[in-house]
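What follows is a single structure, written as structure tokens, with notes after it.
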Amino acid sequence: MTNMEKLQTAWDAKDLDGVKAMFTEDAIMVLLHENRTLRGAEVEEELTAMVLDEETVSSEFRIIYENDECAVTRERIAGQFFGGQVSIVQLWRDGQIYHMETSLIKDNT
């Protein structure tokens, strides 16, 4: 199973510990559509809120590109945090994300 498949499995199962284990302690999360950059504990807080929110669910998930150092995905994420199509770029080190950039794509539906 690839890193992204492991992360998506944990995300879909609402496995908070599993999702958090996929991120380094000093991870950076850039939310481009909100012009916000989260670091370390802020990333953990945001992940906790997203994973524990029952309405924040992923569908139409697809991996556009992935190797051991980088992944690019696209999916639809419902709920209060995104509510549309999302493009995500993750940089990986030793099986964990240390940098992630997320963009909400205008949804024409």
Take Arg36 and Glu46 through the side-chain contact (heavy atoms from CB on, under 4.5 Å) test and state the conclusion after the steps.
CA-CA 12 Å; Arg36 278 194 314 149; Glu46 190 81 0; 3.1 Å; yes
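- Residues Thr56 and Ile77 meet the side-chain proximity criterion, which asks for heavy atoms closer than 4.5 Å.
- Other residues, nucleotides and ligands place more than 12 heavy atoms under 6.0 Å from the CG atom of Asp53.
- The CD1 atom of Ile28 sits 13.0 Å away from the CD1 atom of Ile97 when rounded to the nearest 0.5 Å.
- The minimum heavy-atom distance linking Gly95 with Met22 is given by the pair O-CE, 4.0 Å.
- Residues Ser59 and Glu75 have side chains that never bring a donor and an acceptor to within less than 3.5 angstrom of each other.
- Considering CG of Leu32 and CG of Leu104, their distance stands at 10.5 Å, rounded to 0.5 Å.
- More than 12 heavy atoms of other residues, nucleotides or ligands shown are found within 6.0 angstrom of CD on Glu5.
- Using a 4.5 Å heavy-atom threshold, the side chains of Leu16 and Leu52 count as touching.
- One finds the OG1 atom of Thr48 at 9.5 Å from the CE atom of Met50 (value rounded to the nearest 0.5 Å).
- At least one donor-acceptor pair closer than 3.5 Å links the side chain of Glu66 to the backbone N or O of Met4.
- Side-chain contact between Met100 and Leu91: absent, with no pair of heavy atoms (C-beta onward) separated by less than 4.5 Å.
- Contact of the Val43 side chain with the Phe23 side chain is registered, since non-hydrogen atoms from C-beta on lie closer than 4.5 Å.
- Hydrophobic clustering (side-chain heavy atoms under 4.5 Å, transitive across Ile, Leu, Val, Met, Phe, Trp, Tyr) groups Ile63 together with Leu7.
- Within the 4.5 Å cutoff, the side chain of Ser87 has no heavy atoms near those of the Thr73 side chain.
- Side-chain contact between Trp92 and Glu69: absent, with no pair of heavy atoms (C-beta onward) separated by less than 4.5 Å.
- Applying the side-chain hydrogen bond (donor to acceptor under 3.5 Å, both in side chains) test to Glu42 and every residue at least two apart in sequence or in another chain returns nothing.
- Val19 and Val30 sit in two unconnected hydrophobic clusters of ILVMFWY residues. Membership requires side-chain heavy atoms under 4.5 Å apart, directly or through other members.
- Under a cut-off of 6.0 angstrom, the local environment of CG in Asn35 is sparse, with at most 12 non-hydrogen atoms contributed by other residues, nucleotides or ligands.
- With sequence neighbours excluded, the residues forming a salt bridge (Lys or Arg N to Asp or Glu O under 4.0 Å) with Glu60 are Arg76, listed by chain and number.
- Considering only residues two or more places apart in sequence or on other chains, Asp26 meets the salt bridge (Lys or Arg N to Asp or Glu O under 4.0 Å) condition with Arg93.
- Residues meeting the side-chain hydrogen bond (donor to acceptor under 3.5 Å, both in side chains) test with Gln96, sequence neighbours left out: none.
- Here the closest heavy-atom approach between residue Ala10 and residue Gly18 is recorded as CB-C, 3.9 Å.
- Put simply, the side chain of Val86 reaches to within 4.5 Å of the side chain of Thr102, judged on heavy atoms.
- A heavy-atom distance below 4.5 Å is not found between the side chains of Tyr98 and Asp94.
- To the nearest 0.5 Å, the span separating CE on Met29 from CD on Gln90 amounts to 9.5 Å.
- For Phe81, there are no ring-ring contact (aromatic ring centres under 6.0 Å, His included) partners two or more places apart in sequence or in a different chain.
- Interatomic distance, Ile105 CD1 to Arg74 CZ, rounded to the nearest 0.5 Å: 3.5 Å.
- Linking Ile, Leu, Val, Met, Phe, Trp and Tyr residues whenever their side-chain heavy atoms come within less than 4.5 Å leaves Phe61 and Val89 in two separate clusters.
- Residues that satisfy the salt bridge (Lys or Arg N to Asp or Glu O under 4.0 Å) test with Lys20, not counting sequence neighbours, are Glu44.
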